[in-house]
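Please read the structure below before turning to the comments.
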Amino acid sequence: KNTPQRFGLPILGNTLSMSFRSLETMISIQRKYPDIVELHFPNTYTMFFVTNPELIEEVLVTKQKSFHKDAFLKVYAQEVFGNGLLSSDGEFWLRQRRMAQPAFHRQRIEAYADIIAHHTEQFLSRCIAGLPFNFTKEMMQLTLDIVAETLFGDVKPHQKQIINESLDAIMDQFSNDGLDLISQITRIPLTKHRNQRYNEATAKLDRTINEIIKERIQSPVERNDLLGMLLAARDDDGQAMNLQQLVDECKTMFLAGHETTALTMTWTMRILLKHPPVLLTLRNEIQRVLGARTATMADMMHLDYTEKVIRESMRLFPPAYTISRHSIDAVQIGDYHIPANKDINLSQIAVQRDPRWYDNPDAFVPERWSTAFRAALPKYAYFPFGGGPRLCIGQQFALLETTIILMRILQHADWSLTGWQRITAQPSITLRPKQPVMMSMHPLRNGDASPINAHQHQDDADGGDGGDGSGD
């Protein structure tokens with residue numbers, strides 16, 4: 001058994017780099033250490049960073065019973081999402097997962113296609129040709145509308161607004177501003193993690209979801225939405241979820257069901273508009289496969305280039321950019337000994353930009369995803385939806401949603417980035433753009449790619465395709 005090599009500055013260890021340049025640091029570590037490395041911080045805190053896909057598979061799959069969720073999710077995310085699927089563990093998590101799984105079967109997901117298309121049309125009707133708008137903000141609203149209807153069927157406008165504002169405040173609280181990580185590790189009160197806005201947001205979110213579920217329970221009408229299925233679900237002992245469990249799962253689904261898809265759409269559209277030849281190829285496939293009609297799940301197997309574009313976008317900018325686990329007992333990973341009670345970091349954004357597996361790893365090249373390339377790629381060299389038993393339960397829904405939205409907005413109009421933009425990625429629970437991603441809609445020009453303004457060439461030269469992970 002080998003002890004992983006240690007990495008970091010004397011005394012401070014990796015505190016500064018992981019606090020202020022975490023994405024760049026993870027990518028740098030990934031390219032320097034081929035298997036695993038131990039990072040260290042003040043107060044004797046250490047964590048392991050796993051960089052080998054085979055070892056990642058051991059953590060997530062073959063030896064997953066030796067690991068639980070990490071302390072961050074146990075302490076902080078659990079404050080917001082309770083014992084939902086995101087933050088629970090062990091037998092309780094397994095029970096909840098089995099009860100929720102039927103709601104995400106293929107037949108159920110297919111039924112949501114019309115809802116996705118309807119709300120996408122509403123978004124497009126709000127867009128005014130030539131008028132710049134914050135694309136990320138609009139995508140957050142669109143995907144929130146979709147998850148609200150698929151989850152609850154009917155949500156009052158003021159309830160939807162509270163949920164949206166609350167989730168936004170919560171995500172801002174978890175954004176890595178540098179001082180927060182230092183404060184957690186050193187216990188020096190550099191920041192107040194539970195500030196007033198955060199506390200108010202968590203309370204409002206909990207109260208609103210509680211209100212919606214209680215209204216549904218008191219209603220005599222049975223509905224065939226996600227909440228209806230959760231209310232009807234029973235475990236092996238015939239027990240239903242109690243009210244708090246329902247609230248926790250619904251809060252989790254709101255985050256996972258709208259945040260990640262909105263970010264996938266934002267990163268995908270931004271990078272497409274910077275690569276006109278890719279966009280033109282994509283438009284040609286849309287015309288050939290769909291014409292003017294809306295995409296369905298049955299179309300996805302025929303939208304080969306579309307799938308490659310989304311896959312490549314999620315390789316460079318995975319909304320879930322890192323996964324952490326905590327060893328509950330001593331375990332051997334590959335040839336390395338991991339003591340009990342240690343945090344383990346697995347970074348999608350780092351592994352998926354590793355030159356061992358990807359030529360020109362920071363470039364946006366959808367064509368790389370050939371059948372031969374996929375067959376040769378180690379399984380966990382690409383894992384934007386996680387893996388093992390905790391593979392994202394909504395993966396198929398997210399891919400269908402992204403495909404329908406992307407196809408429809410490209411069928412509807414041309415799009416351009418507005419002015420010069422230097423966008424950096426902000427690590428929070430998800431990978432958000434730190435600055436507004438401003439876009440404009442234009443009347444469709446048959447056969448042309450989206451309009452490219454002069455500023456975009458400057459942006460490409462300045463920022464590249466993916467850079468070091470902090471900007472594009």
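Every value quoted in this text rests on a predicted model; they were computed, and no experiment measured them.
Taking each heavy atom of L279 and L272 in turn, the nearest pair found is CB-O, 4.0 Å. A pairwise comparison of heavy atoms in L316 and P361 identifies CD2-O, 3.5 Å as the closest pair. Nearest heavy atom pair, residue L151 against residue C250, reads CD2-O, 3.9 Å. Closest approach of P436 and Q421 over heavy atoms only: O-OE1, 3.9 Å. Of all the heavy atoms in A350 and F49, the pair that sits closest is CB-CZ, 4.3 Å. When all heavy atoms of T264 and P319 are compared, the pair lying nearest together is OG1-CG, 3.2 Å.
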*Go through the steps to decide whether K204 and E165 satisfy the test salt bridge (Lys or Arg N to Asp or Glu O under 4.0 Å), and finish with yes or no.*
CA-CA 9 Å; K204 285 181 179 179; E165 292 174 352; 5.7 Å; no

*May I have the step-by-step check of side chain to side chain contact (heavy atoms under 4.5 Å, CB included) for I328 and F67, ending in yes or no?*
CA-CA 6 Å; I328 57 179; F67 299 94; over 6 Å; no

*Can T322 and N345 be said to form a side-chain hydrogen bond (donor to acceptor under 3.5 Å, both in side chains), step by step?*
CA-CA 7 Å; T322 188; N345 185 271; 2.9 Å; yes

_side chain to side chain contact (heavy atoms under 4.5 Å, CB included) assessment of R311 paired with R374_ = CA-CA 11 Å; R311 178 178 284 266; R374 295 188 198 198; 3.6 Å; yes

*Starting from the C-alpha separation in whole Å, work towards a yes-or-no answer on side-chain hydrogen bond (donor to acceptor under 3.5 Å, both in side chains) for Q96 and S88.*
CA-CA 9 Å; Q96 294 294 99; S88 59; over 6 Å; no

_salt bridge (Lys or Arg N to Asp or Glu O under 4.0 Å) between D343 and R325, intermediate numbers included_ = CA-CA 6 Å; D343 288 332; R325 293 289 186 266; over 6 Å; no

*Worked check of side-chain hydrogen bond (donor to acceptor under 3.5 Å, both in side chains) between Q245 and N83*: CA-CA 7 Å; Q245 289 165 350; N83 279 319; over 6 Å; no

_The test is side chain to side chain contact (heavy atoms under 4.5 Å, CB included); show your working for F364 and E312 and say whether it passes._
CA-CA 7 Å; F364 179 63; E312 181 72 348; 3.4 Å; yes

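Atom-to-atom distance recorded for L282:CG and L406:CG is 5.5 Å, nearest 0.5 angstrom. Note that the CG atom of L303 and the CD1 atom of I286 stand 8.0 Å from one another [nearest 0.5 Å]. The distance from the CG atom of D35 to the OH atom of Y336 is 4.0 Å, given to the nearest 0.5 Å. Of the inter-residue distances, the one linking T136 atom OG1 with M269 atom CE reads 11.5 Å to the nearest 0.5 angstrom. Between atom CD1 of residue I116 and atom OG1 of residue T403 there is a gap of 9.0 Å, rounded to the nearest 0.5 Å. Taking CD1 from I404 and CD1 from I146, the interatomic distance works out to 8.5 Å, rounded to the nearest 0.5 Å.
S66 pairs in a side chain to side chain contact (heavy atoms under 4.5 Å, CB included) with only one of the listed residues (V331, I338, I333), which is V331.
Contact of the L230 side chain with the M99 side chain is not registered, since no non-hydrogen atoms from C-beta on lie closer than 4.5 Å. M140 is listed as a side-chain neighbour of L263, based on a closest heavy-atom distance under 4.5 Å. At least one side-chain heavy atom of D145 sits less than 4.5 Å from a side-chain heavy atom of K160. A heavy-atom distance below 4.5 Å is not found between the side chains of H105 and I109. Two residues are said to be in side-chain contact when any heavy atoms from C-beta on lie closer than 4.5 Å; Q352 and P384 meet this criterion. Within the 4.5 Å cutoff, the side chain of R283 has heavy atoms near those of the L410 side chain. Under the 4.5 Å side-chain criterion, counting only non-hydrogen atoms from C-beta, H326 is not in contact with I344. Contact annotation: the side chain of L39 never approaches that of F48 to less than 4.5 Å [non-hydrogen atoms, C-beta and beyond].
In summary, the aromatic rings of F397 and Y112 are positioned with their centroids under 6.0 Å apart.
A donor-acceptor pair under 3.5 Å links the side-chain atoms of R356 to the main chain of P34, judged by distance alone. Looking only at distances, a side-chain donor or acceptor of H258 sits under 3.5 Å from a matching main-chain atom of F254. Looking at E285, its side chain does come within 3.5 Å of a backbone N or O of Y305 through a donor-acceptor pair. The closest donor-acceptor contact from the side chain of S327 to the backbone of N341 lies under 3.5 Å. Under a 3.5 Å cut-off, the side chain of Q332 and the backbone N or O of G334 do form a donor-acceptor pair. Without hydrogens or angle criteria, Q30 side chain to T51 main chain gives a donor-acceptor distance under 3.5 Å. Using a distance-only test at 3.5 Å, with no hydrogens or angles considered, a donor-acceptor pair links the side chain of T150 to the main chain of V147.
Relative orientation of the Y358 and F373 rings is tilted, given thresholds of 30° and 60° on the angle between their planes. Ring orientation note: the planes of W267 and F317 are close to parallel, at an angle under 30° on the 30°/60° scale.
By the 4.0 Å N-to-carboxylate-O rule, E367 lies too far from K308 to be salt-bridged with it. In this structure, E24 does not pair ionically with R31, as no charged nitrogen and carboxylate oxygen lie closer than 4.0 Å. The pair R106-E110 meets the salt-bridge criterion, since a charged nitrogen lies less than 4.0 angstrom from a carboxylate oxygen. Using a cutoff of 4.0 Å between basic side-chain nitrogens and carboxylate oxygens, R368 and D359 are not scored as salt-bridged.
Enclosure of atom CD in E54 is not indicated, since only 12 or fewer non-hydrogen atoms of other residues, nucleotides or ligands lie within 6.0 angstrom.
Applying the side chain to side chain donor-acceptor pair (under 3.5 Å) test to every pair with at least one member in residues 378-401, sequence neighbours left out, gives these pairs: D89-R390, T261-E401.
A donor-acceptor contact closer than 3.5 angstrom links the side chains of Q244 and D248. A donor-acceptor pair shorter than 3.5 Å cannot be found between the side chains of N284 and T281.
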